[in-house]
Q: 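Please find one structure pasted underneath; my questions will follow.
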Amino acid sequence: MSVVAIIGGTGLTQLAGLTIRESLTLDTPWGQPSAEVLRGEFGGREVLFLARHGHPHRIPPHQVNYRANLFALKEAGAEAIVAVNAVGGIHAAMGTGHLCVPHQLIDYTWGRGSTFFEGELDCVTHIDFSHPYDEELRQRLIAALRTEGCEFSGRGVYACSQGPRLETVAEIVRMERDGCDIVGMTGMPEAALARELELPYACLALVVNPAAGKSTGIITMAEIEQALAEGMDTVKAVLRGVLAG
Ligand code: HPA
């Protein structure tokens with residue numbers, strides 16, 4: 001079975017239950033990744049783990065060096081990537097605590113280092129990105145979610161916003177009109193960079209708040225943190241299932 005790397009997002013800077021065999025401090029042509037790449041065993045399976053925002057959590061979404069992260073994981077031997085992302089729920093079905101395995105995305109970010117194909121090049125490369133997520137890996141996530149018996153959606157459109165601020169109500173209305181179901185800040189350029197490196201990539205998104213305007217109040221860090229604390233055990237169980245599958 002291929003070596004799976006897990007990119008842990010907000011709420012998953014540490015993978016409790018991971019037996020660390022090696023901690024790799026890597027440098028890449030694109031700079032340093034957010035943290036050491038951990039190689040070890042999780043649920044009895046070989047795994048690589050990287051904390052997207054560093055450990056402790058300190059790098060905001062727009063300043064993550066996505067290129068270094070993906071390059072380092074590939075260098076460490078990753079053959080597939082499962083990304084864990086905290087998101088806001090746009091669609092009514094995406095309530096707090098819901099899990100979603102998106103099948104599509106729309107990129108609303110700007111100014112991020114978003115390709116390996118720049119600088120001194122011999123030719124111009126345009127990767128196919130019609131289907132940003134790897135279908136086989138998505139199905140493995142879906143199977144693990146089914147086994148776990150949790151509430152989830154096996155499809156969804158992920159809106160990637162720039163952050164670090166949350167969205168305005170009008171921005172969420174626009175994203176909804178665009179067909180987006182969930183909104184996060186870290187799905188891109190991560191997914192595109194994985195494709196450039198020919199690494200199968202899929203996302204497990206945990207809804208941690210209703211998106212702006214989707215509840216009566218404002219969005220608080222306290223509600224996000226509570227949802228993360230409540231949801232991460234399920235996320236870890238699903239990840240174990242994916243590795244076993
Ligand atoms: N918007 C963008 N990113 C997020 C949100 C949100 O509401 N919640 C968690 N990450």
Side-chain angles (χ1 to χ4, degrees), residues 1-9 24-37 39 47-54 59-85 87 101-141 155-163 175 178-205 242:
M1 206 188 54
S2 56
V3 177
V4 175
I6 295 167
I7 301 181
L24 305 163
T25 306
L26 298 171
D27 205 2
T28 80
W30 304 96
Q32 285 184 334
S34 300
E36 291 80 20
V37 173
R39 185 199 306 281
V47 73
L48 295 164
F49 179 79
L50 176 61
R52 183 187 288 117
H53 299 279
I59 310 168
H62 63 297
Q63 290 187 320
V64 169
N65 189 338
Y66 295 94
R67 286 187 288 205
N69 284 355
L70 272 290
F71 197 95
L73 287 174
K74 177 105 180 179
E75 203 161 70
E79 293 170 315
I81 293 185
V82 174
V84 180
N85 300 72
V87 295
V101 185
H103 71 294
Q104 274 295 335
L105 62 80
I106 298 181
D107 187 5
Y108 298 93
T109 68
W110 47 269
R112 300 182 178 190
S114 57
T115 179
F116 292 110
F117 297 117
E118 66 180 32
E120 300 272 316
L121 298 173
D122 295 334
C123 63
V124 176
T125 305
H126 302 287
I127 53 156
D128 175 74
F129 202 47
S130 311
H131 302 286
Y133 301 107
D134 181 76
E135 193 52 32
E136 205 180 306
L137 202 49
R138 270 182 19 82
Q139 292 305 327
R140 270 170 72 177
L141 274 166
R155 283 166 69 84
V157 179
Y158 177 110
C160 193
S161 68
Q162 174 69 357
M175 287 173 178
D178 286 352
C180 300
D181 299 300
I182 51 177
V183 55
M185 300 176 189
T186 50
M188 281 295 284
E190 204 172 84
L193 292 167
R195 180 63 54 83
E196 287 189 352
L197 293 178
E198 299 181 351
L199 287 168
Y201 177 98
C203 160
L204 175 61
V242 170

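Numbering of residues begins at 1 and proceeds along the displayed sequence.
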Q: Would you please name every residue forming a ring pair (Phe, Tyr, Trp, His ring centres under 6.0 Å) with His103, sequence neighbours left out?
A: none
Q: Answer yes or no: is there a donor N or O on one side and an acceptor on the other, between the side chain of Gln104 and the main chain of Ser130, under 3.5 Å?
A: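 Present.
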Q: Say whether, by atom type as modelled, one donor and one acceptor occur between the side chain of Asn85 and the main chain of Ala205 under 3.5 angstrom.
A: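 Flag not set: sc Asn85 to bb Ala205 has no pair under 3.5 Å.
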Q: From Cys203 SG over to Leu141 CG, what is the distance, rounded to the nearest 0.5 angstrom?
A: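 If I round to the nearest 0.5 Å, the distance is 8.5 Å.
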Q: How long is the span from the CG atom in Leu50 to the CG atom in Leu24, to the nearest 0.5 Å?
A: 10.5 Å
Q: Could you label the plane-to-plane angle of the Tyr133 and Tyr201 rings as parallel, tilted or perpendicular, counting under 30° as parallel and over 60° as perpendicular?
A: parallel
Q: Between Asp178 and Tyr108, is any side-chain donor less than 3.5 angstrom from a side-chain acceptor?
A: yes
Q: Side chains of Thr28 and Glu75 only: does a donor on one sit below 3.5 Å from an acceptor on the other?
A: no
Q: Is a side-chain N or O of Arg112 found less than 3.5 angstrom from the main chain of Gln162, in a donor-acceptor match?
A: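 Judged by distance alone, yes, a pair lies under 3.5 Å.
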Q: Does a side-chain N-to-carboxylate-O contact under 4.0 Å join Arg195 and Glu190?
A: no
Q: Where the side chain of Arg52 meets the backbone of Val84, is there a donor-acceptor pair that is under 3.5 Å apart?
A: yes
Q: Could you tell me whether a side-chain N or O of Arg155 sits under 3.5 Å from a main-chain N or O of Pro102, the two making a donor and an acceptor?
A: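 The answer is no, because no donor-acceptor pair under 3.5 Å joins these two groups.
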